[in-house]
Structure formats: C-alpha cells, structure tokens
> 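Sharing a structure with you now.
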Amino acid sequence: MGPKAASGFYLGRKPAALLALLLAALLLALAVLGALYGRCLQEVEALRAAAAPPSPTAGPKEEGAGCCPPSPGPGPGPGPGSTRPPGAWDNSRLPRALLPLHYELRLWPRVSPGQPGPFVFSGQVNITVRCAQDTATVVLHSAELELWGAAVRGPLPEGPAGGGGGGGGIEVAELWLEERQEYAVLALRRSLRAGGRYVLQLSFRGPLSEDLDGLFLTRYTDQGQSSMLIASQLEPTYARTVYPCFDEPAMKATFNIIIVHHPSYVALSNMPAIDTSEMKDENGSLWTVTTFNTTLKMSTYLTAFVVCDFDYITRTERGNEIRIWGRKEAIKNGYAEYALNITGPLFSFLEDLFNVSYPLSKTDLVALPDFGAGAMENWGLITFQESSLMYIPSDQSGGKKAMICLIVSHELGHQWFGNLVTMNWWNDLWLNEGFASYFEYVGASYMEPRLPLNKIFYYHMLQPVLREDKEIAARSLSAREEKIKGTFSLVGLFDIFTYSKGASIIWMLSSFLTERLFNKALNSYLKAFSFSSVNQDDLWTHIQMVVDAQNEVQLPASVKNIMDSWTCQNGFPVLTLNLSTGIISQEQFYNKRTENNTTYNNTWIVPISWIRNGSAQPLVWLDKSSKMFPEMQISDSEHDWILLNMNMTGYYRVNYDPLHLKRLAQLLEKDPKAIPVVNRLHLIDDAFTLAQAGYIEIESVFELTKYLAKEDEMFVWYTVLSNLIPDNLENILNNYELYPFLKKYLLKRMLPIYHYYASIIRQNVDALADDYSDQIYLEKLINTACWLGLQDCLNLSSELYTKWMENPDNEIPFTIKRTICCYGVAMGSDKEWDFAWKMFNHNNSKEIDKDIMLFAMSCTRESWLLYRYLQYSLNNSLLSSNNTAIIISNVASTEIGQRIAWEFVTENWLLLNERHGNGILQRLLRIMENFVNTDLQIQELQLFYNTTLDEDLRTATTETLQFAKFANKERRKLIARFTDWLRKNIDD
C-alpha cells in the first residue's frame, strides 16, 4: 500500500520573508518527523519479529518479499492513476494456472486463559501446487491478513503431493494485495513451468475477533467460571481470512495441520491428532503443539479448528470414533447423551442408503455456546450452536429432540453431499444444501419413527417455500457461474430457495424415479465424483445412465430437460384441471393473479401423480402448456372424483374447476378418510392460497371447511385455522360483524377435537410427548378456542395458570405455554400480571420462557396495567433496553393496546428516538398498518411521521400507509363475503 496523500495548507497573502520563514520551519519539522519515523519503524519491525511464529520448514529467506500490511477490508483496486496494468487479479475468479495439491498449515492463536484482548493469531502455510500453464504471477486468496516471508521453490522432484524438499528458489519480486478481489499477488522474477510442482510459502498474522466467522474467539460460562474458546466458521469465503489459500470449492487439496495453543486447552481439527509436543515462545512461555493426521482431499471452506477447554463423551460406530464435545457442566449433566445415541446409527443408516462408506476414522461434534451459523458440516469436526446439539432431559419444549435429530441428520448428510462431492461453484450450492435438507428428513424419520416423513417435510420444507416462491422475490435454484461473485452475493445464496426448494425438487425427483432408482443413481454419482467437484449436469448424467439401463420408469424427455425446467427457472406452476374435457393447463403461479401477468412465461415438465375414486393411477406428464388426458374425464356421478399430486410430492399447486371442488367438499362431508390425510391438507391449503391470489372464488374454499367436525388430524386443523385466522389478524377480525358468525360456525366443528385434547391436557399431558405433530400444532387449536371465547378453554387457561402461581413446580406444558399464560393473565387481575412479571425476572428463567412472559404481560385487559408495562420499558433498571421495542410491539398488537401503545410512543418519542432511533417507529408502523382503513387514520399517522422521520423515510411511509389502506379495503371486502357466506351456512 502506498502512503497517504499529504495534507495541504492554506496561506493568506503574507510578505515573502514570512513565507520563507514558514518553509524553513516546515523543513525542520519534516526532518524531526523523519527521524522519529525511522525510530518507530525499527520498533515496529522488532515487535513484528518477536511475534512472528517459528517456521515449520526452512525457506530461502533471502528471496522472500517484503511485508504486506493487513487490509482494512474490501476496497477499490488500483485507481486511475495506478501504474499497475490489468491482470488476472482483476477477475473475481482465481486463474487456473496453479492448482493446489497440498497445504502444510501451522496456526497459532495467541490466547491464554484470562488474557485480556485484543487477540491475534499467526502462522505459516506452505502450499504445494501443480502448474497447469506457464505463469510468472501467483494469485491466491487473502483477506484481512498481514503477509510476509513470501517464497517460492521448485520445480519439485516427482513424488507424493505434499512431498519433501528439493527444487531451487524462485525470487519473489513483489508481494501485494488486490483488496477488492481479496487476493494476494506474488510477482516472480521468472515463470513457473507447466507440468511442474512448486511450493508457495507465506507467513501471516490476523486479528482474532469475536464476530463468529473466520477464526474467532467467544466467551462463555462453565461451572460458574468465565472461559474463552477459539473456533472457526469458514463457509463460504472466510478461509482466506485465516490463512492464504486457493479459496474456491473446486480447488480441493489435502492438508497437514498443526495448531499451537496454550497447554490448558485441547486443539481439534478435521483429522485425529497424531502428536503433541511443547515449545517456548520468545518470552519463555510454554505452548503445546498439536499435529494432526493428513486430511482427505477437500475444499478450504471445510477446514476447521477448535481450541477449547471442553469435555466429551465417545462411542465408536463401524470404526468411526464419534465424540460429542461441550462445556464440562453440560457433559457432566448428560446433555450430550441424546446426540451421541443418534449420531452413530444415523451414520450407519446413511452409509447403507448410499452404499458409500464414510471415509474418516473420527468425527467430532462440538457444541459451541455462541455460534452464528447454527451448525457447520466441517469434515470430521462438525460444529453446532449449543442449543442445536445438547438436549436437557427436563426440557419441556416439545420438539427439542426432533429439532436436534433434524439438525444432526442434516449435517451428517453433508458428509456425502458437500464434503465428499462438492459443487464446482456456489451457483450450484443447492447440490450441497438441497440434498442435505432432503436427507435431514429421511434420516430423522428413520431415527425417530414418531416423525412422519411426509407431514414434517410438508410443514418445514414444502409449504414455507411455496409461500415464498413468488414472481418478485423468487430466484432460480441454479444460475450461470458468472452471475455469482463476491462474498456478499454468496452469503445471500444461503436462503429458503437453496435449502427448501432444493429439498422439495429432490423430493419430487425421488418420487417419479422411484426410491430404488433414485438411490442407485446417487450411488453412481457419489462414487464417480468422490473427492471431486460437480455441477448439476453431472448429477443429471448419472441419473440418466440409471434410467437408460432399465424399462420400469419411462420419462417424456431427458433427465436434464426435465430437471432444468425446475432448477433453472424461478417460481413454480399452478395446474388447472378441467374434468369435463380432461385438459390440464399450466401457468406460473403469481401471488396476485391479473390478466397482465406476463413477467415470466415459464413452463415446466410436470410429473403428475393422481388417484381416481381412491385408487392410485399411473403417473402422467404435462410437458407443454396444456394437454388433454382422456383418462381424466369424469362422469356426472358424485362418486366419480380425481385428486392430483398424491402425497404432495410435486412442487406445484392444483386448481380444480368449481364443480369438482364442490364434489370434493361433499366427499369430505360424507367420508373424509376417503382422501388421504396429507392430500386433505394439500387440497385445503392450495384452495386457500389460490383464492387469496385470485385464481378461484373464496366461497368455494369455505365449502371445504364444512366437514371439519369429522376431522381428527391436528395436522389439517392447523392449516385450516392458520388460513382462516392468521395470527397477525386475530385482534382485527373480532372488530367485525364476522366474529359472532365465525365463532358459532367454527366452535360447532372444533368441539370434538378440542375436548379430546383438553381432556389429555387436564389428565395426562405427558401422553402428547411422543407425538411431534401434536406438539407443533396444538397451540393454534387451543389459542383459537380461547380467542373464540370458548368458556372451557378460558377456564383451562385459568386453571393451569393458577396452579402454576400456587406452586411453580406445576409447570404449564411448554407446547401450549404461550397461549395459557396469555389468557391466564387476560382472565385475571393485577395479581396474575404481577406473577408473570415475577417469573420473567426469575433467575432460573430460560430465554424462551422470558419471551413468553414478555408476550403474556401484554395480554392483560386492564388498560392501566398496559400503560404501566410500557412505562417499565423505559426504566433500564427494570428491563433491558433490548426489550423496549418488543414490549411496544406486543402491546400494540392487542385489541385494547393499539391506541395505548401509539399514544405512549408519541408522548415519549424524544426519549425513545434518543435510545433506539427510528427502528421502533418502523416496527410500530408494520403493526399499525393492519388498523389503517380511512384517509383520516392515515393523516393522523402521517402527521406524526412527518415531524419525526427523514424525507426519504417519510416518502416510503406514505407509500406504505397508502398500500395498507388498499390492502385493508380488499380485506374488508373479503371479510364481507365470508360473513355473507357464514350467514347463509351457519346452521349446516
């Protein structure tokens, strides 16, 4: 880096003598500063030499280049005045002139127990590369690192990739950083020759921050003592912030890793430790040197390092030593037992499923108290957020075991999809995350049979992404490589489309191929590309090979053409079935359908599974915009019916003509079990979504709810209630004429299933522990019953809450705790509110319990309590300032609290703005939107916002309020139609 430009100064009109005097003084000052600078430079170099790590291997020091200081972060490349010519360093992708074969990496985090910060790490890396074409320039990744001691030697004699010495030195003329692309560039005096192997040597130093990516330090408490640990998170592009490397997923290599650490810590990496020794630093302090076995060939983002004072429990499964690491307190209390019990069997299950052995001899699963990624699949050293791995036996949170099982299963799936076989570039990230997400559910369903695969997959994967995959926000699963560049755009790929749409497309693929052919194709794919990298076409090729070798499954087009229609286009189709003609047509689903929806004109090759009158029919394909299927023409008989998309395996929605939708509604009233439970849910969810988007009339959907008194599946009830009464509209709907009609209509149908579960809650709530579905869906049922004013539900809430007040050991079942506490406070007085306040402040309250109590206290129907609660939020001695926005939002979301919260914010705006900025106002606006119905209401809100917000925000707010007014007007029309329908059908 060049020196900063000197500052200029201004002289007024002065005599020439004064000017000369000033110039002389300036020259004298510069001479003094120069002397001081030389002295400081000597001191800096002395400190740098003292801090530099011992070199693990000797290098030709006389040919090393000078020091490159750490870059402050990505910045512009050479400016217009730069003399550096354009070159490979201007591209966002590394040149392919050099291919890494092996890394010798020595890493030294300079951390001791109790040491104050700031913290640093240092190290040295020797990278053996193969030269693919002559080059006199070495380009590799480095970010936020200080580099020195650059050296190159070779060509090496032929031998093992990481092999020994030999080869002469090649002088490094210059070492410099291209910060914008995060490159280190070595300009050489002579060229490396194609076909030769060379060793690149660099020493480095970097900051050890607490940002939870790269190599980071985190603090935690264990057995009452404050402790520190060091861990890494290198995906997608943080390896370059830890050591200079070729940081692209396809540039795989083997690694020999050495970690120097304080003797009180243990060091972990991808492979087993094979040696420990001791060394002294320049101050005479003792350090431990842990050497690890050579890794398999892998990507840089999978290298991992942990330095900690943890304990572990262990078990061996098929030669794979599995260790679960965690805080000593957690291990002692048995919190790691569940993870240990499931990890080995899951490994064995996946090995057998893929028919490809797990290639490592040890796997560490480490529970980090603070970890931003949730979990990371590093080969041999999988890291987790502690709550994602540790199971507390007394934990009442219903789905905790299931969540741990799902996360562990996901990360183990990555050991094959991502680690063994890796995508060439991040544009095909779904090949990693989509497969891991798919096998997450397959593995968890195997491990925990109480997790029904199709139900949990629909709830967690398919349904959420179908709601998000709309024309504006959506993107395709796969894109051209050149479209994906830069760390920022890479991080954005880790989204619902990569994970959930990827898994859903694989779910559909496995269904139309059959599980047998699907697994056979995956076996071929994994074996062909082990320790290598792929793009999605490689997957299609191996599936095509399996399809071509059999006659059982016939496809209408090549696997590539079929699957590219799903991975290379955004969105998904809605299929419209005309049962009088048997014609199925497809169009892209739009969240709001209009005659002018021409943004995209995508078509897909669609596999259609279907049943007729309860019997499964052969799979058919829609490979054009519309097609006639004579076998789907039905008679006038009410007993003749058809359903598409069996078991929701297809990534699309289905729109039936109105007459057939009515026939299906009548079928449900007569015999709901005639339609499989998953398809009952699918039918209702599709119908509600299509009505909201303008594809069908809403009255047709309401007809599908008449049968609900016979519906005993909580899975279906949850979907119905979530569509009829969205959580964010509860306190709006009860202000309309709709409410009494809805109350009578719904309670009449809800009572059978409500009383069934209320009886279990009162008599033996532990009976629900083994039903994951009920644990997920039950709260919506109980909450709706209480919201509708069912007296037994209100009594139940008061009973359970009072028992808890009388004895805190009488815990409310976690599954329904939020609702019970809310209505317990709502049905009570200040006594119940004060108890909620007491439990919020209880020392043993978990964070999730505190969140529940924060919400429950806003449920009171006493205005003075709500006002007092809001006043508490301003008192930092009573509540953390982090809770202020949450409390205001919770209060504003209630029927009586909306006006109180608004007045509170306007009255205390100066203080709130000083402490929290505009964030609270923006958050409140999102809630107030639901109440905006008239121009007068908009004017009231706008008047306040105009005096508090910047001009840009005022403009955006005006647009938001106008849109909210329009949306609420449309909602009122819909509510009026629903009310009219209920009035006519209330007694059916």
> Measuring centre to centre across the rings, with the benzene-like ring taken for any Trp, is Phe417 within less than 6.0 Å of Phe439?
yes
> Who pairs with Phe305 by ring-ring contact (aromatic ring centres under 6.0 Å, His included), at least two apart in sequence or on another chain?
none
> Return each pair, listed once, that meets salt bridge (Lys or Arg N to Asp or Glu O under 4.0 Å) where at least one residue sits in residues 558-568; pairs must be two or more places apart or across chains.
Asp537-Lys560, Lys560-Asp564
> Side-chain contact, heavy-atom cut-off 4.5 Å: Phe121 with Leu107?
yes
> Salt bridge between Glu248 and Arg96, side-chain N to carboxylate O under 4.0 Å?
yes
> Test Thr300 against Tyr103 for side-chain contact (heavy atoms from CB on, under 4.5 Å), laying out the working first.
CA-CA 10 Å; Thr300 50; Tyr103 291 75; 3.8 Å; yes
> Taking only residues two or more places apart in sequence, or in another chain, which ones meet Asp134 in a side chain to side chain contact (heavy atoms under 4.5 Å, CB included)?
Arg193, Ala194
> Run the numbers on Lys252 and Ser533 for side chain to side chain donor-acceptor pair (under 3.5 Å), then give the verdict.
CA-CA 8 Å; Lys252 293 188 172 186; Ser533 57; over 6 Å; no
> Check the pair Phe384 / Phe371 against ring-ring contact (aromatic ring centres under 6.0 Å, His included), numbers first and verdict last.
CA-CA 7 Å; Phe384 296 80; Phe371 188 49; 8.6 Å; no
> Residues two or more places apart in sequence or in another chain: which of them pass side chain to side chain donor-acceptor pair (under 3.5 Å) with Ser558?
Asn561
> In terms of ring plane angle, is the pair Phe347 and Tyr358 parallel, tilted or perpendicular, where the classes change at 30° and 60°?
tilted
> Evaluate whether atom NZ of Lys520 has more than 12 neighbouring non-hydrogen atoms of other residues, nucleotides or ligands under 6.0 angstrom away.
no
> Could you go through the side chain to side chain donor-acceptor pair (under 3.5 Å) check for Glu433 and His410 one step at a time?
CA-CA 9 Å; Glu433 298 299 348; His410 179 101; 3.2 Å; yes
> Shortest non-hydrogen contact from Tyr183 to Ala88?
CE1-O, 4.1 Å
> Will you find, in the side chains of Asn320 and Thr363, an N or O donor that is under 3.5 Å from an N or O acceptor?
yes
> I'd like a table of donor-acceptor pairs (distance under 3.5 Å, sequence neighbours excluded) in which one partner is a side-chain atom from residues 521-528, with atom names and distances.
from: Asn523; atom 1: ND2; to: Phe354; atom 2: O; distance (Å): 2.9
from: Asn523; atom 1: ND2; to: Asn355; atom 2: O; distance (Å): 3.2
from: Ser524; atom 1: OG; to: His542; atom 2: ND1; distance (Å): 2.6

> By side chain to side chain contact (heavy atoms under 4.5 Å, CB included), which residues pair with Ser361, not counting sequence neighbours?
Pro272
> Search all heavy atoms of Leu429 against all heavy atoms of Glu235 and return the closest pair with its distance.
CD1-OE2, 4.3 Å
> Who are the side chain to side chain contact (heavy atoms under 4.5 Å, CB included) partners of Asp213, not counting sequence neighbours?
Asp211, Tyr238
> What pairs with Tyr301 under ring-ring contact (aromatic ring centres under 6.0 Å, His included), at least two apart in sequence or on another chain?
Trp426
> Please list, chain by chain and in numerical order, all residues satisfying ring-ring contact (aromatic ring centres under 6.0 Å, His included) with His261, sequence neighbours excluded.
none
> Work out which heavy atom in Thr276 is nearest to a heavy atom in Thr290; give both atom names and the distance.
CG2-OG1, 3.8 Å
> Kindly compute the distance separating CG (Asn432) from NE2 (His414), expressed to the nearest 0.5 Å.
6.0 Å
> Once salt bridge (charged side-chain N to carboxylate O under 4.0 Å, His left out) is applied, do any residues pair with Asp352, and if so which ones, sequence neighbours excluded?
Arg318
> Please check: side-chain N/O of Asn535 versus main-chain N/O of Asp538, any donor-acceptor pairing under 3.5 Å?
yes
> Evaluate the criterion side-chain contact (heavy atoms from CB on, under 4.5 Å) for residue pair Tyr265 and Ile259; output intermediate values, then yes/no.
CA-CA 11 Å; Tyr265 293 137; Ile259 299 179; over 6 Å; no
> Taking only residues two or more places apart in sequence, or in another chain, which ones meet Glu481 in a side chain to side chain contact (heavy atoms under 4.5 Å, CB included)?
Arg93, Asn424, Trp425, Asn427
> Can you sort out the partners of Phe518 under ring-ring contact (aromatic ring centres under 6.0 Å, His included), two or more places apart, ordered by chain and number?
Tyr438
> Starting from the C-alpha separation in whole Å, work towards a yes-or-no answer on side chain to side chain donor-acceptor pair (under 3.5 Å) for Gln536 and Trp430.
CA-CA 9 Å; Gln536 68 173 19; Trp430 78 272; 3.2 Å; yes
